[in-house]
Amino acid sequence: YGRVVALATVVGNSIGLLVIVALVALGLGIVVQESIEIYTVLKLLGAVYLVWLGVQAFRHRHDFDVDRAASGSSRTPMPLGRAVRQGFVVGVTNPKAFMILGAVLPQFVDRGAGHVQVQMLLLGLLAFTIGLVSDSVWAVIARQVRTWLARSRRRGAAVGAVGGMSMIGLGVSLAVVDESP
């Protein structure tokens, strides 16, 4: 749909992520502050989920459709409001965001400093900002990246492999590093 619609979708998706950040910070902040056992279970569940996502990404790394990516179909314009709404729905209903934020944010909270929910909210806002900026950059350069990836089936597979291995590594490190609150 083009660059403007892609950016509108990014805005909607980011607003959805912001809602998740608030929910995770307020709900999980209390759990992290009050129960080391529940925190450990959440951390391990999040780590297992990240490893599973990484394995799936690695397994399906050859599914990048070079011909479809290269063809680039022309479509009827999408209203910006619809793009924002669709992005929001995708962002706010993303279970991976809950799991990843729930597994990662507590790792960086200093329970001794107090105000756990505020710390998690600030860390979540940092994730929100990074996501908004990086997704906007991707939206702007997506056509060039798609064309470059489409020139080689191996490039698409390599992106899937690197992404999958990165998620596996993050999941394993979350599981084995003891940063108990």
Side-chain angles (χ1 to χ4, degrees), residues 9-10 12-64 87-113 116-139 141-142 145-146 148-149 154-181:
T9 304
V10 166
N13 190 284
S14 297
I15 293 169
L17 178 64
L18 193 57
V19 170
I20 292 174
V21 164
L23 293 173
V24 168
L26 298 175
L28 275 182
I30 294 169
V31 170
V32 170
Q33 186 172 339
E34 301 298 327
S35 174
I36 291 174
E37 293 82 14
I38 293 175
Y39 162 78
T40 302
V41 168
L42 287 173
K43 176 179 113 166
L44 291 175
L45 286 173
V48 167
Y49 187 61
L50 282 173
V51 169
W52 182 81
L53 288 173
V55 168
Q56 295 306 311
F58 188 80
R59 282 184 57 223
H60 299 288
R61 68 190 180 277
H62 297 290
D63 292 345
F64 182 73
F88 175 79
V89 170
V90 169
V92 80
T93 60
N94 183 355
K96 292 183 286 187
F98 280 102
M99 293 299 291
I100 290 170
L101 289 171
V104 174
L105 288 183
Q107 303 290 319
F108 298 98
V109 170
D110 180 4
R111 285 179 51 149
V116 171
Q117 295 86 358
V118 173
Q119 289 182 57
M120 287 184 68
L121 185 59
L122 290 174
L123 290 168
L125 288 174
L126 180 61
F128 161 81
T129 303
I130 291 170
L132 179 64
V133 170
S134 65
D135 289 350
S136 295
V137 168
W138 277 112
I141 64 171
V145 172
R146 181 181 64 190
W148 180 79
L149 284 172
R154 290 188 312 157
R155 288 181 188 153
V159 168
V162 169
M165 296 306 291
S166 298
M167 285 189 278
I168 291 168
L170 179 60
V172 169
S173 69
L174 283 175
V176 299
V177 173
D178 184 18
E179 295 288 333
S180 299

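None of the values given here were measured: they were computed from a predicted structure. Reckoned from all heavy atoms, side chains included, excluding hydrogens, waters and symmetry mates.
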Sequence neighbours excluded, the answer for side-chain contact (heavy atoms from CB on, under 4.5 Å) partners of I15 is V11, F88

Okay, side chain of R111, backbone of V116: is any donor-acceptor separation there less than 3.5 Å? no

[atom1]/[X] to [atom2]/[Y] distance, rounded to the nearest 0.5 angstrom?
X	Y	atom1	atom2	value
L121	F128	CG	CZ	11.5 Å
L18	T129	CG	OG1	8.5 Å
F108	L126	CZ	CG	10.0 Å

For the student: nearest non-hydrogen atoms of A113 and Q119, plus distance: CB-NE2, 3.9 Å

Return the minimal non-hydrogen interatomic distance between G91 and I20, and the atom names on each side. O-CD1, 3.1 Å

Distance-only donor-acceptor hits, side chain of residues 162-174, under 3.5 Å, sequence neighbours excluded:
| unit_1 | atom_1 | unit_2 | atom_2 | d |
| --- | --- | --- | --- | --- |
| S166 | OG | V162 | O | 2.8 |
| S173 | OG | G169 | O | 3.3 |
| S173 | OG | L170 | O | 2.9 |

Criterion side-chain contact (heavy atoms from CB on, under 4.5 Å) against L17, the qualifying member of L101, L132, V90: L101

